[in-house]
Amino acid sequence: MNIRVLIGFALLAVVSNATAQVKGLLQVGAIKGDSHATWQEGGVGLYRYDTDTDGIVLTQGLIDFRADITSGWSAHGVINAYQDSEPTLGLSQAYLQYKPLTNSKYKWHVRAGGFYPLLSLENPDMGWISPYNYTNSAINSWIGEEVRTLGVEATIKRPGRSFNSKHSFAFVGATFKGNDPAGTLLAWRGFAMHDRQTTLNEGVAFAAVASLDTPQLQFQANQVLPFEEVDGRFGYYAGVHWDYLKKSQFRFYYYDNNGDPAAVNYSTGQYAWDTRFSSAAWLYKFNAKTRLITQVMSGSTAMGDTRGVDNRFYSHFVLLSHKMASHRLSIRYDYFEVTDKDDWAFDPNASYGEGITATWRYQLSPQWQLGIEGSALHSQADNRAAMGIAEKISQQQISLNAQWRF
């Protein structure tokens with residue numbers, strides 16, 4: 001029994017002995033995709049849907065629950081349901097948190113289990129979804145696919161109000177296992193833009209890249225199991241949060257999965273990638289209605305006993321959101337790229353792209369929300385030519401969304 005299953009069973013056992021606070025949502029979309037087959041169907045499209053998978057779709061189904069066990073201990077979990085690419089139901093987060101009551105000016109808490117590092121300011125809503133655009137940025141689309149902490153995280157906070165200061169700080173450190181294959185999608189698909197989170201028991205397929213038929217890459221599967229433990233090593237990350245009067249928020253994280261790129265699980269076709277990155281995110285509130293969010297990520301990833309696949313990756317986005325009564329308008333620009341640094345000419349990994357996403361949301365009531373979103377992107381990937389596909393493609397996606405919360 002692997003660590004993901006153990007985490008789920010342990011959390012459910014704890015919740016069964018406590019009173020849970022449950023909230024969730026169902027979101028249905030009328031989607032109009034384009035002709036480029038999505039990566040979920042073995043294509044090279046960077047959106048979640050295409051003309052064969054669009055229509056009326058359950059785009060989000062989630063239950064976010066918390067159970068207070070004692071005054072300090074609580075259990076948390078998120079269950080996600082998706083209709084694509086096949087019906088999926090699973091945990092995307094499951095962890096215990098210890099947050100003791102203390103008279104100290106400094107506050108601290110610990111999380112243990114499976115959860116997201118809190119490096120995003122784009123995804124503060126329940127279940128790690130965004131209240132701005134329905135389609136996440138390229139950065140946080142990838143985080144939702146391939147990055148999850150299966151370990152222990154400690155946070156120490158210095159609240160500004162406790163020190164009669166306008167500035168609040170938090171310092172975060174974590175160690176984990178089970179995130180060894182992170183980087184696989186960046187190498188052979190590149191960044192994508194969507195809102196689908198990988199559950200802890202799930203794999204993510206990608207197109208039939210020609211280089212995987214070569215002797216050097218014959219053991220790599222045509223999918224990634226992003227939360228698998230391959231090399232037995234511990235990874236880590238560290239972060240700092242800085243808040244100024246709830247007006248300006250800044251977060252910086254450094255992540256290193258400490259992967260051994262020579263390690264491979266031959267039965268599942270998963271390598272341990274040596275993946276590390278830095279992320280800086282900033283939110284600034286111009287006033288109570290208008291805010292700016294931006295994030296930059298830069299890193300590297302490599303696999304193989306000679307680091308035959310060796311890539312650098314970079315992405316940034318700028319998001320502007322304005323709220324008027326029950327209306328929220330948000331627009332975001334994304335840029336993303338993967339740079340091929342190795343000398344395996346038979347396995348080109350370079351890719352880049354940029355996109356623009358505009359979203360209108362209308363809050364009918366506390367439970368009901370309607371929205372419309374249009375998104376367009378163009379991208380280039382060097383490995384598409386060997387698959388008989390144009391290296392450069394342009395894509396568009398439009399969605400009408402109805403969301404019900406409970």
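Count residues from 1 along the sequence. This is a predicted model, so every value here is computed, not measured. We use all heavy atoms of the structure for the numbers below, so side chains are in, but hydrogens, waters and symmetry mates are not.
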Can you confirm if the NZ or CZ of Lys177 lies within 45° of the ring axis of Phe234 and under 6.0 Å from the centre of its six-membered ring?
yes
CA sep, side-chain torsions, deciding dist, call: Trp282, Tyr284, ring-ring contact (aromatic ring centres under 6.0 Å, His included):
CA-CA 7 Å; Trp282 180 50; Tyr284 182 77; 5.6 Å; yes
Donor-acceptor pair, Asn349 side chain versus Ala187 backbone, under 3.5 Å?
yes
If we check salt bridge (Lys or Arg N to Asp or Glu O under 4.0 Å) with Arg307, which of these qualifies: Asp343, Asp274, Asp342?
Asp274
Going by the angle between their ring planes, with limits at 30° and 60°, are His194 and Trp39 parallel, tilted or perpendicular?
tilted
Regarding Arg66 and Asp68, does a basic nitrogen lie under 4.0 Å from an acidic carboxylate oxygen?
yes
Evaluate Phe191 against Leu185 for side-chain contact (heavy atoms from CB on, under 4.5 Å), listing each step before the verdict.
CA-CA 7 Å; Phe191 285 97; Leu185 289 175; over 6 Å; no
Got a second to check how far Asn265's CG is from Asp180's CG, nearest 0.5 Å?
10.0 Å
The single option from Trp142, Tyr352, Tyr335 passing ring-ring contact (aromatic ring centres under 6.0 Å, His included) against Phe313:
Trp142
Residue pair Asn179, Tyr255: steps toward the side chain to side chain donor-acceptor pair (under 3.5 Å) verdict:
CA-CA 11 Å; Asn179 213 174; Tyr255 167 102; 3.1 Å; yes
Just verifying a value: how many Å separate Gln21 CD and His76 NE2, rounded to the nearest 0.5 Å?
9.0 Å
Could you check Tyr237 against Phe277 for side-chain contact (heavy atoms from CB on, under 4.5 Å), going step by step and ending with a plain yes or no?
CA-CA 10 Å; Tyr237 61 78; Phe277 62 80; over 6 Å; no
Between Asn80 and Tyr82, is any side-chain donor less than 3.5 angstrom from a side-chain acceptor?
yes
Carefully, step by step, assess Arg312 and Asp310 under the rule salt bridge (charged side-chain N to carboxylate O under 4.0 Å, His left out).
CA-CA 7 Å; Arg312 305 294 182 269; Asp310 189 355; 2.7 Å; yes
Can you name the nearest heavy-atom pair linking Phe206 to Asn222, along with the distance?
O-ND2, 3.0 Å
Smallest separation among heavy atoms of Leu283 and Leu121, with atom names
N-CD1, 3.6 Å
Check: Val78 and Leu91 side chains under 4.5 Å, non-hydrogen atoms
no
Any sub-3.5 Å donor-acceptor pair from Asp231's side-chain atoms to Asp260's backbone N or O?
yes
Residue pair Gln40 / Asp84, side-chain donor-acceptor N/O under 3.5 Å:
yes
Please name the residue in the list Trp73, Tyr116, Phe115 that meets the ring-ring contact (aromatic ring centres under 6.0 Å, His included) test with Tyr95.
Phe115
Please assess Trp242 against Tyr244 for the test ring-ring contact (aromatic ring centres under 6.0 Å, His included), listing each intermediate value before the final yes or no.
CA-CA 7 Å; Trp242 170 36; Tyr244 174 74; 7.3 Å; no
Can Gln369 and Arg361 be counted as having a side-chain donor-acceptor contact under 3.5 angstrom?
yes
Examine His322 together with Phe286 and report whether their ring centres are nearer than 6.0 Å.
no
Check the surroundings of atom NZ in Lys323: do more than 12 heavy atoms from other residues, nucleotides or ligands lie under 6.0 Å from it?
yes
Heavy-atom pair of closest approach, residues Asn136 and Ser130:
OD1-CB, 3.8 Å
Enter the distance from Ser379:OG to Gln395:CD here, rounded to the nearest 0.5 Å.
6.0 Å
Ile156 atom CD1, over 12 foreign heavy atoms within 6.0 Å:
no
Tell me, with the steps shown, if Ser375 and Tyr47 meet side-chain contact (heavy atoms from CB on, under 4.5 Å).
CA-CA 9 Å; Ser375 184; Tyr47 285 129; 2.7 Å; yes
Can Gln295 and Asn140 be counted as having a side-chain donor-acceptor contact under 3.5 angstrom?
yes
Run the ring-ring contact (aromatic ring centres under 6.0 Å, His included) test on Phe169 and Phe163 for me, step by step, so that the C-alpha distance in whole Å, both residues' side-chain angles and the decisive distance to 0.1 Å come before the verdict.
CA-CA 11 Å; Phe169 296 93; Phe163 291 85; 9.9 Å; no
Check: Trp108 ring centre within less than 6.0 Å of Tyr106 ring centre:
no
Indicate the atoms forming the closest heavy-atom contact of Arg251 with Ser120, along with that distance.
NH1-O, 3.3 Å
Reported CG-to-CG distance for the pair Asp334 and Leu46, which is rounded to 0.5 angstrom:
11.5 Å
Do Arg48 and Glu41 sit within salt-bridge range, that is, some charged N less than 4.0 Å from a carboxylate O?
no
Does a sphere of radius 6.0 Å around NZ in Lys247 hold more than 12 heavy atoms from other residues, nucleotides or ligands, not counting ones at 6.0 Å or beyond?
yes
Using the side chain to side chain donor-acceptor pair (under 3.5 Å) rule, take Gln403 and Gln27 through it: C-alpha gap first, then chi angles, then the decisive distance, then the call.
CA-CA 4 Å; Gln403 186 183 101; Gln27 180 177 295; 2.6 Å; yes
Test salt bridge (charged side-chain N to carboxylate O under 4.0 Å, His left out) applied to Glu145 and Arg189, step by step:
CA-CA 12 Å; Glu145 291 174 318; Arg189 186 207 59 194; 2.7 Å; yes
Between the CH2 atom in Trp360 and the CE atom in Met324, the distance rounded to the nearest 0.5 Å is 10.0 Å
Test Gln83 against Val57 for side-chain contact (heavy atoms from CB on, under 4.5 Å), laying out the working first.
CA-CA 7 Å; Gln83 190 175 332; Val57 182; 4.0 Å; yes
Would you call Lys32-Asp50 a salt bridge at under 4.0 Å N-O?
no
Minimal heavy-atom distance between Pro181 and Glu228, with the atoms involved, is CD-O, 3.4 Å
Can you tell me how far CD of Glu373 sits from CG of Asn133, rounded to the nearest 0.5 angstrom?
5.5 Å
Check: Phe346 ring centre within less than 6.0 Å of Trp344 ring centre
yes
Is the side chain of Thr53 donor-acceptor paired with the backbone N or O of Tyr49 at a distance under 3.5 Å, no angle test?
no
Considering all heavy atoms, the nearest Phe250-Phe252 contact:
CE2-CB, 3.9 Å
Candidate list Asn201, Thr149, Thr199, Leu200, test side chain to side chain contact (heavy atoms under 4.5 Å, CB included), partner Phe227, passing option
Leu200
Look at Glu391 together with Arg384 and state whether they make a salt bridge at an N to O cut-off of under 4.0 Å.
no
Look only at the side chain of Ser399 and the backbone of Asn401, and say whether a donor-acceptor pair between them is shorter than 3.5 Å.
no
Is the Lys NZ or Arg CZ of Arg328 less than 6.0 Å from the centre of Tyr362's six-membered ring, within 45° of the axis?
no
